[in-house]
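This report concerns only the one structure given below.
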Protein chains: 2
Amino acid sequence: MTVTIYDVAREANVSMATVSRVVNGNQNVKPATRKKVLEVIERLEYRPNAVARGLASKKTTTVGVIIPDIANIIYAEAARGIEDIATMYSYNIILANSDQSEEKELSLIDTMLGKQVDGIVMISDAVTPKLVQEMEHSPVPIVLAGSVDETNKFASVNIDYFQAAYEAVQILINNGHKRIAFISGPMQFTINSKYKLEAYKKALEDANIEVDEQLIVFEDGSYDGGLESWEVFNKLENPPTAFFAGSDELAIGIIHGAQDHGRNVPNDIEVISFENSKLARMVRPRLTSVVLPLYDIGAVAMRLLTKIMNKEEIENQSVLLPHRIEYRHSVKTSIQE
Amino acid sequence: MTVTIYDVAREANVSMATVSRVVNGNQNVKPATRKKVLEVIERLEYRPNAVARGLASKKTTTVGVIIPDIANIIYAEAARGIEDIATMYSYNIILANSDQSEEKELSLIDTMLGKQVDGIVMISDAVTPKLVQEMEHSPVPIVLAGSVDETNKFASVNIDYFQAAYEAVQILINNGHKRIAFISGPMQFTINSKYKLEAYKKALEDANIEVDEQLIVFEDGSYDGGLESWEVFNKLENPPTAFFAGSDELAIGIIHGAQDHGRNVPNDIEVISFENSKLARMVRPRLTSVVLPLYDIGAVAMRLLTKIMNKEEIENQSVLLPHRIEYRHSVKTSIQE
DNA sequence: TTGAAAGCGCTAACAA
DNA sequence: TTGTTAGCGCTTTCAA
């Protein structure tokens, strides 16, 4: 019923090897033969079976992509970057959500390896020992995108989260704030959050500002989390006057929380975010934010994976992309967009 | 190097057929044998090769998902719904972006069929004749999610776009507006937009309000598109006092455009959206919006696909999900959330 | 309950 | 330049 390479060979009076050659663009085929075969392929509407091909060649031209949640704009951006580059290099992607659960991550890696992917790009906010172990066992390369692996065993693409966060907090400090809150998500054990927190504390210490644990909150990273956090902070006897938010949603939540209570941003409170998704421009005031180039991180990670799959020489397997801060209006500053 | 079913068979002193049976949960295996095989599988860390399995069984337990753009929140929501249900039924998804280009859609279908997916879920704003033809040729089922196919040849999941849009415009009319703008995206030939436009016109006509083509704009569907549209509308000698926006981003753009010029929403102008993504609550005033249940549409589409792949009896292949309007504050109304 | 063996559709030596 | 052939790792009759 379905037409196979064999049918094409018979119709074209050549061997299946020859058909295989023209399908794969092998040059060792006489032009006339190629033409004849191509005609038959067209006529019979022959479509190569990638599964059979994968079995025989041990290459599937598909890569696995494991991310926490595609419905989250930041991961969706990264996924788009990954997919664009994958397409560019003729790979397809098998996409799966881990919900940042170690158990799911483990089982997804297993499933994908079972499906014989040629490589995996993974975004994980917590590269745990178990994960590291599983990844080391992998017969195909795995690259981490926007996720730091402290063992430094795997290829990865990131920005310098600590430095970027440090600079963000500094801006608030330079504007004279002494009561600066840090709000982050999703989890207390998120690696990236950890760096942000460390940077936050270091920046305060370097400015001789005491770290007040009351001003540090770990939320679920959502808009509502921001909204609620504002309420909590506002009830403090000595509430914060500035906020360093780990994500745009959190930042917008804080801002709306404040505005809903009649506060003005940035005159009454100032807010700096860490993300700069398209949401950053969709609030008033627009968010000043550290730029987290998720699309690029995904794209570069995928590109790196193609190189590794190709056994090309890699100069540096821990890529650090440049970061910058986009100045808008949730923070008072002389530097304007 | 990699351990195969053959290695397991040898180690367990059974035939590969028996190993295959235990791996596939076939009941015709003596418990003792099963236990022995399972132990060897564990010890050897045997992982079945899904590609070989796919070739032999002609089933890959993977489905193709073709969407316009995963970085767009509405498609990302749908993708999450699709993936969740796919996972529930033990399928993996191959995800690809079409950018709503017919050419890419065609080639993606071809690629996925080549990869022997068991089915395809597709979101397309323009089910063109060529697409229909390609889809009819498909050896595996294809279901459309949030996309109407006017030929009614394929399984699909939607809401009643016309009716939903009609109700939205009616709200504006009931609030006394005579100058109601319609702004939509992404393309003039988008099917869903077509229904919205028809509903818009019909609602106005039914209310004896003349349709003014100046008040109809097709934008790229983005926030900036909304912002710019406001500028355009505002320059009219007789500008609109109410807006029916085809998406949340558009609606927020309109609102910010108005607010940036000192207008108050909903007192000066009223805006109703058609989407209700999480953005709807992340503006002030929060958006009143027709609820487009993208996650559900994706989930139901995938569920429908599993049934068709399973050759189950389908009562109705054109599923119409219920719709409703979420009342918030971008429209003046006595009905509150 | 188990095993033998014939494919599934293709790639990749190896020969010619 | 082309063909022959042996797998790739598994499922699935068919027999036993």
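The chains referred to below are lettered A, B, ... by the order of the sequence lines, with proteins before strands, and numbering in each begins at 1.
- Between Asn28(B) and Arg21(B), the shortest heavy-atom contact is O-CD, 4.1 Å.
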- Message: The test is side-chain hydrogen bond (donor to acceptor under 3.5 Å, both in side chains); show your working for Lys115(A) and Thr60(B) and say whether it passes.
- Response: CA-CA 9 Å; Lys115(A) 296 227 166 170; Thr60(B) 55; over 6 Å; no
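- Residues Asn152(A) and Ser318(A) bring a donor and an acceptor atom of their side chains to less than 3.5 Å of each other.
- Among pairs with a residue in residues 130-148 of chain A, those fulfilling side-chain hydrogen bond (donor to acceptor under 3.5 Å, both in side chains) read Glu136(A)-Lys153(A), at least two apart in sequence or across chains.
- Counted by atom type alone, Glu103(A) and Ser107(A) present zero donor-acceptor pairs between their side chains at under 3.5 Å.
- Helix bend of the helix from dT1(C)-dA16(D) to dA16(C)-dT1(D): the angle between its two end axes, each built from five pairs, comes to 30° after rounding to 10°.
- Side chains of Gln100(A) and Ser124(A): a donor on one and an acceptor on the other come within 3.5 Å.
- Formation of a donor-acceptor pair under 3.5 Å by the Ser20(B) side chain with backbone atoms of Met16(B) is not found in this model.
- Remark: Leu305(A) pairs with Val63(A), Val121(A), Pro141(A), Val143(A), Met302(A), Met309(A) by the side chain to side chain contact (heavy atoms under 4.5 Å, CB included) rule, at least two apart or across chains.
- Side-chain contact between Tyr75(A) and Leu294(A): absent, with no pair of heavy atoms (C-beta onward) separated by less than 4.5 Å.
- Looking at which nucleotide of DNA chain C each of Thr4(A) and Lys30(B) is closest to, the 5′-most match is held by Lys30(B).
- Of the residues in residues 35-43 of chain A, none lies under 4.0 Å from DNA chain C by heavy-atom distance.
- Checking side-chain atoms of Asn97(A) against main-chain N and O of Ile70(A) turns up a donor-acceptor pair under 3.5 Å.
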- Starting from the C-alpha separation in whole Å, work towards a yes-or-no answer on salt bridge (charged side-chain N to carboxylate O under 4.0 Å, His left out) for Asp84(A) and Arg303(A). CA-CA 10 Å; Asp84(A) 280 356; Arg303(A) 177 64 184 109; over 6 Å; no
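- Contact check of residues 14-29 of chain B against DNA chain D (heavy atom, cut-off under 4.0 Å) returns Met16(B), Ala17(B), Ser20(B), Asn24(B).
- Taking every heavy atom of residues 44-60 of chain A and every atom of DNA chain D, pairs under 4.0 Å involve Leu55(A), Ala56(A), Lys58(A), by number.
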